[in-house]
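See below for the structure under consideration.
Sequence lines set the chain letters: A, B, ... in the order given, protein chains first and strands last, and positions in each chain run from 1. Everything numeric in this text was worked out from a predicted model, so none of it was measured.
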Amino acid sequence: MASNNNGKELLLGNDAITRGVIEAGVAFASTYPGTPSSEIGNNLERIGEKYGIFFEFSANEKVAMEAASAAAMSGVRSFVFMKHVGMNVAADPMMTLAYGGVRGGMVILTADDPTAHSSQNEQDNRMYAKLSLLPMLEPSTPAEAKEMVKAGFDISEQLTLPVILRTTTRVNHARGIVDIGDVRDTKKKSTFVRDIKRFVNIPANARTNRIRLLDLNKKAAELSGSSELNFIEGSGKVGVITSGVPYTYVKEMLKGVSIFKLGFTNPLPEKRIAEFMKDKEKVIVVEELEPFLEDQVLRIAKENDISAKIYGKRSGHLPMAFEYSPDTMRLLSIITNAEGTKVPLSKPDIVLPARPPTLCAGCPHRGIFHAIRKAVGKRPVIYSSDIGCYSLGAQPPFMMADMILCMGGGIGAAGGFCEATDQKVVAISGDSTFFHGGITPLVSALFNGHKFTAVILDNRTTAMTGHQPHPGTGRDHGKRTTEAIDIAAVVKGIGVKFVETVDPYDIEASVSAMTRAIEYDGLSVVIAKQACPLELKRKKLLDPKVCEIDQDACRRCSICISSIACPALMKKDGIVSIDRTQCIGCMMCACVCPAGCIRVIQ
Amino acid sequence: MKYVIQIVGVGGQGVLLASMVLGNAAMNAGHNVAMSEVHGMAQRGGSVLSTLRIGDDIISPLASEGEADMILGFEPAETCRNLTLGNKDSVIVMNMDPIYPSTVTAGLAQYPEVNDILSAMSKVTDRIMTIEATSIAEKAGKAVAANAVMIGAAAAAKGFPLSKDAVKRSLLGSVPEKFRDLNEKAFDMGYDAMKK
């Protein structure tokens, strides 16, 4: 992706987007990691500096949006990217950013996740384009994603507005052939020129800027109306209006139809849509999630006396939920010809074990989960959990998540749980999550006198999204090195009186710290600190050790499995053994073994 | 020309690497390529599926159910679970070495005998080609080369649209210099095992 030749490469969507950012001559980029957008940040962390891009992992998406806004207001090109739910966090600055706009081009990427493959919901962020009146582009393939990053910057500079680039998982995590282009030479530093009317949105200026935004929205509609990103393919009496990845399914599966492929989807090219529908008998709108295009198409049809019957979600032919696939096109066979597909083999008649994602072998979360459970004992308890690898603790045997909302939400919700019930409340958060959204709710809990225990699972990385650094790890990026911010010091600095740090591999110490914390009459915080072994493996810092069970001494009680449930522990015919290919010798199982028959070798 | 490969296995087995090797070989042979893969949470010990579609008019990154010309199965239970991705003409290449899910290692669920999985699959299709990729890789020098064995096996399958040399070149171009000999040997042994 970093190659400077004008060749072709088979690129992941996120790699193609990174290449687009490089070719567009971006000066400032920011993000908070989130699947399906994370690889863009990993790429920029590695190669951004080489292309003169200042790249930061911001503490959360709101900060990322604010910082990128300021860079673009100053006159350089900026790029901010996040997963769909990240845009909820960043929406506050974005809504007002739209009022004053930008000087240098700014592209805001939202990576949506239909089917919620790696997310807590499948919200359709195209709605944010309507809400903010910002222009929006939607690519269908990795190659198009790269080109639309560049087009987005040009449109942004023409309109002096940020442009939303909306992708979905099947663009970000698809691979396709991409033409590598030239890198545009842009200024990487500028001078901010004061313009109080535009950039200081006190009420009087906000009212003026609201009118400015509405005027620019009309100009954006003209651009969309003449944009080559919106194009028609084929002819016929059946028309299909589509955008994003569903275009690829329509193109391959629906034959003999005329396709209006929309890439510039806010504002819509209304005149061209009306023109397209005029001679059609049927019009089908194919899009994932909300009827974003469809409802507008219905309005455009009404306003232009279009007689064609319009099919889609509102007619009940296509589903609102989950991502589409080529198979979804079969639902349209009553309206048009879906390409004949092959008959799938039938399901073999055998029961297979499920293979859910699970915490890794030697994951320190297993140790603290066990300790929490021991310390809680038979007390009625609510586990107010959060977003991260520890969300997997919702599964047996831990069952340590009664509620998950959003980043930092576990600590915020804990206050409500403890006032609304007489149950013991344990909030669970991660290290990166704590810095993202956990500090403010902790301040609020102390201020309002909530009494609960917050456990911060500090595995020294943003693990789930692919091991990005965060404020608690410090950052070593090119010429700039920053020191780690100590979570315990932050919590104490807020004024929390009970703060203990434990090593979750030391089960006994963890149980005892958790017991003190739960029995404490006030707000207590336990920090379970132990590095993610996957991260250590990646950095080649993991000591080669494995555990071994003395089968003569083993009492066959399986307490190791019921307590720690490590995938390196294998139980067959009542006998537990250790899978040496998985075991990392963390000794958590040894700590809980009542017979003391597990020891480290090597 | 159109050829669809579904590569299935478990996180960490090299499914994504194999799909990249085959995808690059297809691109270098002048074909269009569209792929999709699973990242993120599912990778933590979960099932992994990578779709590779090769052809002139290919654009969709996802295949329809039953469309696969080949299912390249890195693990028996995963191959069996995903058999409906293929049709009666699909070639099924299946590694016979199981990886037990955490539910099984914890004694909460049963993993059937691999031969029982094979016979249940055989009632549905007669086009299964089995391979002992791990033990072949060990013979080639190291168990980690099992994915090179699988790539070699795929290249040997009847109707496979890419030449043995093109696939091998792509594989060797994707591994570090010091592992080239190991991978080349593993690839050839996988190829030969399938041709027999």
Side-chain angles (χ1 to χ4, degrees), chain A residues 8-10 12 35-36 38-39 117-118 140-141 170-171 173-177 245 247-249 251-253 325-327 329-330 341-360 389 391-392 396-397 464-466 558 561 565 567-572 574 579, chain B residues 10-11 19-20 23-24 26-27 32-47 52 57-67 77-78 80-81 83-90 100-112 116-117 119-125:
Chain A
K8 285 180 190 302
E9 285 192 44
L10 182 59
L12 190 70
T35 311
S38 309
E39 292 83 6
H117 294 282
S118 311
S140 303
T141 64
R170 299 299 178 184
V171 172
H173 291 159
R175 276 181 200 273
I177 298 174
V245 180
Y247 162 72
T248 70
Y249 312 142
K251 193 165 163 69
E252 278 200 37
M253 303 294 289
S325 76
D327 291 318
M329 299 303 110
R330 290 187 214 182
T341 46
K342 291 169 181 162
V343 182
L345 290 173
S346 42
K347 231 176 167 50
D349 182 23
I350 190 164
V351 178
L352 297 170
R355 200 185 295 270
T358 178
L359 294 170
C360 304
C389 283
S391 304
L392 293 170
M464 181 60 97
T465 49
S558 296
I561 284 188
L569 296 166
M570 301 186 299
K571 186 175 178 180
K572 204 166 187 193
D579 177 357
Chain B
V10 180
S19 67
M20 272 300 287
N24 271 314
M27 177 181 75
N32 205 0
V33 180
M35 299 165 64
S36 73
E37 48 200 57
V38 171
H39 286 232
M41 193 183 230
Q43 280 179 309
R44 298 276 181 270
S47 309
L52 170 57
D57 298 319
I58 290 295
I59 181 164
S60 161
L62 294 180
S64 56
E65 200 165 32
E67 195 190 20
E78 294 311 312
C80 183
R81 203 193 306 281
L83 205 59
T84 56
L85 298 177
N87 57 66
K88 64 180 176 45
D89 299 317
S90 310
Y100 301 114
S102 58
T103 48
V104 171
T105 54
L108 302 171
Q110 291 286 319
Y111 193 103
D116 292 344
I117 294 179
S119 64
M121 289 169 64
S122 301
K123 286 184 187 138
V124 175
T125 172

Atom group of A:I561 that falls short of 4.5 Å from chain B, counting heavy atoms: side chain
Sub-4.5 Å side-chain heavy-atom contact between B:I59 and A:E252: yes
Which atoms of B:A26 approach chain A - backbone, side chain, both or neither, heavy atom under 4.5 Å: neither
Most chain A-contacting option - heavy-atom pairs closer than 4.5 Å, from B:E67, B:R81, B:K88: B:R81
Contact leader toward chain A among B:T103, B:D89, B:L85, B:L108, where contacts are heavy-atom pairs under 4.5 Å: B:T103
Among A:K572, A:K347, A:M329, A:K571, residue most engaged with chain B (heavy-atom pairs, under 4.5 Å): A:K571
Side chain proximity check, B:L62 to A:P326, heavy atoms < 4.5 angstrom: yes
Best-contacting candidate, B:S64, B:A77, B:A120, against chain A by heavy atom pairs under 4.5 angstrom: B:S64
Contacting region of A:A568 [heavy-atom separation from chain B under 4.5 Å]: neither
Best-contacting candidate, B:A109, B:S90, B:S102, against chain A by heavy atom pairs under 4.5 angstrom: B:S102
Per-residue contact mode, A:V171 against chain B (heavy atom under 4.5 angstrom): neither
Short side-chain to backbone donor-acceptor contact, B:S119 and B:D116, under 3.5 Å: yes
Note, B:I117 side chain near B:Y111 side chain (heavy atom, < 4.5 Å): yes
B:N24, part contacting chain A, at a heavy-atom distance under 4.5 Å: both
Region of B:I58 that comes under 4.5 Å of a non-hydrogen atom in chain A: both
Atom group of B:E65 that falls short of 4.5 Å from chain A, counting heavy atoms: both
Side chain to side chain, A:T465 and A:T35, heavy atoms closer than 4.5 Å: yes
Which atom of B:Y100 lies closest to which atom of A:R355, heavy atoms considered: C-NH1, 3.9 Å
Reported CG-to-NZ distance for the pair A:D349 and B:K123, which is rounded to 0.5 angstrom: 7.0 Å
Contact class of A:S346 relative to chain B, heavy atoms under 4.5 angstrom: both
Top contributor to chain A interface from B:G107, B:P101, B:P112 [non-hydrogen pairs under 4.5 Å]: B:P101
A:H173 vs A:H117 side-chain heavy atoms within contact, under 4.5 Å: no
Leading residue by heavy atom contact count with chain A [cutoff under 4.5 Å; candidates B:C80, B:S60, B:A106, B:G66]: B:S60
Derivation of the side-chain contact (heavy atoms from CB on, under 4.5 Å) call for B:V33 and A:R175: CA-CA 8 Å; B:V33 180; A:R175 276 181 200 273; over 6 Å; no
Check: B:T105 and A:D579 side chains under 4.5 Å, non-hydrogen atoms: no
